[in-house]
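Keep in mind the model is a prediction, meaning the values are calculated, not measured. For ligands, and for the atoms within them, numbers begin at 1 and follow the listed sequence.
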Amino acid sequence: MRRVYMDANATTPLLPEVFEAMRPFFLEHYGNASSIHQQGQFARAAVDHARDSVARLLHCRASEIVFTSGGTESDNLALFGALPANEPAHLITSSIEHDAILRAAEALSRRNVEVTFLPSTPQGLIEPSALQAALRPNTRLVSIMFANNETGVIQPIAELASIAHAAGALFHTDAVQAAGRLPLDLSPKGPLKDIDLLTLSGHKIYAPKGIGALFVRRSVRLSPILHGGSHERQRRAGTENVAGIVALGKAAELSQQWLAQDNPTDGPTHLAALRDRLEQGILSQIEECGVNGAGAPRVANTTNIYFDHVEAEALVIALDLKGLSVSGGSACQSGATEPSHVLTAMGLTPARARASIRFSLARLTTAEEVDFALTLVPAAVARLRELSPTWRKPEPVVA
Ligand code: PLP
């Protein structure tokens, strides 16, 4: 059966060029990057090259990149590393963060850290005025995500970071869903100069799962959360995942090329046009549905749509059986029956949040795949609504 993948925010497919770049580091070039011999030096050179590539994507110094095991570890390293243990401090984050931040913040709140969770607007935005009002003299760190994994809504990050800095706090952003989709310029005079810490994950930019990075601005003192060897300039102990790091470097290079080719046939503009075609096609064919986060700036590949009188889980399964992979809520929370915390924080009723589906396109998604989805979704929604006790069938038109 034909399969169309529209769940790139859960994970992206590995690009063949990325796989080819990493493959020799499993069998041929297996050296430990800390070893003195030639095999070790070869691995070290590959790690250095990858670090340069990731730094180029972010417009920062290579020494400001710390390789980690992924987005979750980078988020934890940012929060625990920037807030010294046993020192009372205040952390500000938001109610729409990924669990990697929310759960880390909760753990910190059990250790002398007071945490404020900023509310979301109905569009899914964190308002700069809300951050301004929440700041306290002892606010050490502010952590607000760049783009939301469920809605794709992009936060006013430069403004939020500058407010945090003006109050003497550090600023972290989880850019897992923004990297490779939006230009990120962290240079000291660039638009994102006030960001001190930034999280990346490999498997959202067409590299494998289990590799990520944390940007740590040179001026920031960070305590390690893993204790062991002196890898990554004492910021992250553990033998480097050379193959994964090489893959992340290659994926960063390809992301930079993709972002630069922004035109109607490739790059973010092209992807946004496909997303809009999908969105418009759904909205024009189906009643009682709408886009969550409509009107707010969003990354090009994501749309989150509610279909009233439909259980998202049932719709995801119905579409899966027809060959379309999408997701209801965040994939990292699958199995949970709770409505999405992001959508409820935006003010959706639990029923509407449970009726919401995320379509997230990949760079290789085609117009033809979008049209395939457009043939499946209206029919699947209509079938499920037939079974819904709350759905009133439209009156038949009497001639
Ligand atoms: N942050 C965001 C916004 C995410 O979407 C994800 C994964 O879905 C993560 C963090 C966790 O990243 P990883 O899966 O690499 O641990």
Step-by-step side chain to side chain donor-acceptor pair (under 3.5 Å) determination, Asn241 to Ser69: CA-CA 8 Å; Asn241 168 6; Ser69 66; over 6 Å; no

Next on the checklist: If you take the nearest heavy atom of each of Asn9, Ile96, Asp174, which one is closest to atom 3 (C) of ligand 1?
Outcome noted: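 Looking at heavy atoms only, Asp174 sits closest to atom 3 (C) of ligand 1.
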
Check your understanding: Any nitrogen or oxygen of Glu73, main chain or side chain, under 3.5 Å from a nitrogen or oxygen of ligand 1?
Key ->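 By distance alone, the answer is no.
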
- Query: Judging by distance only, is a nitrogen or oxygen of Gly71 under 3.5 angstrom from one on ligand 1?
  - Reply: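 Yes - when backbone and side-chain N and O of Gly71 are compared with those of ligand 1, one distance drops under 3.5 Å.
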
May I ask you to identify, for Asp75, whether its side chain, its backbone, both or neither come under 4.0 Å of ligand 1 on a heavy-atom basis?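 Contact part for Asp75 vs ligand 1: side chain (C-beta onward).
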
May I ask you to identify, for Thr72, whether its side chain, its backbone, both or neither come under 4.0 Å of ligand 1 on a heavy-atom basis?
->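 Both parts.
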
Identify, by atom number and element, the atoms of ligand 1 in contact range of [X], meaning under 4.0 Å from any of its heavy atoms.
| X | answer |
| --- | --- |
| Asn149 | 3 (C), 5 (O) |
| His203 | 13 (P), 14 (O), 15 (O) |
| Met145 | 3 (C) |
| Gly70 | 15 (O) |

Indicate whether any N or O donor in one side chain lies under 3.5 Å from an N or O acceptor in the other, for [X] and [Y].
| X | Y | answer |
| --- | --- | --- |
| His203 | Thr11 | yes |
| Thr199 | Asp75 | yes |
| Gln132 | Ser129 | no |

task: Determine whether more than 12 heavy atoms belonging to other residues, nucleotides or ligands lie under 6.0 Å from atom CZ of Arg111.
output: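 At most 12 heavy atoms, drawn from other residues, nucleotides or ligands, come within 6.0 Å of this atom.
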
Where do Arg23 and Glu28 land on the salt bridge (charged side-chain N to carboxylate O under 4.0 Å, His left out) test, with the steps shown first? CA-CA 9 Å; Arg23 191 210 291 267; Glu28 222 177 303; over 6 Å; no

Distance check, rounded to the nearest 0.5 Å: Leu200 atom CG versus Leu184 atom CG?
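It comes to 7.5 Å.
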
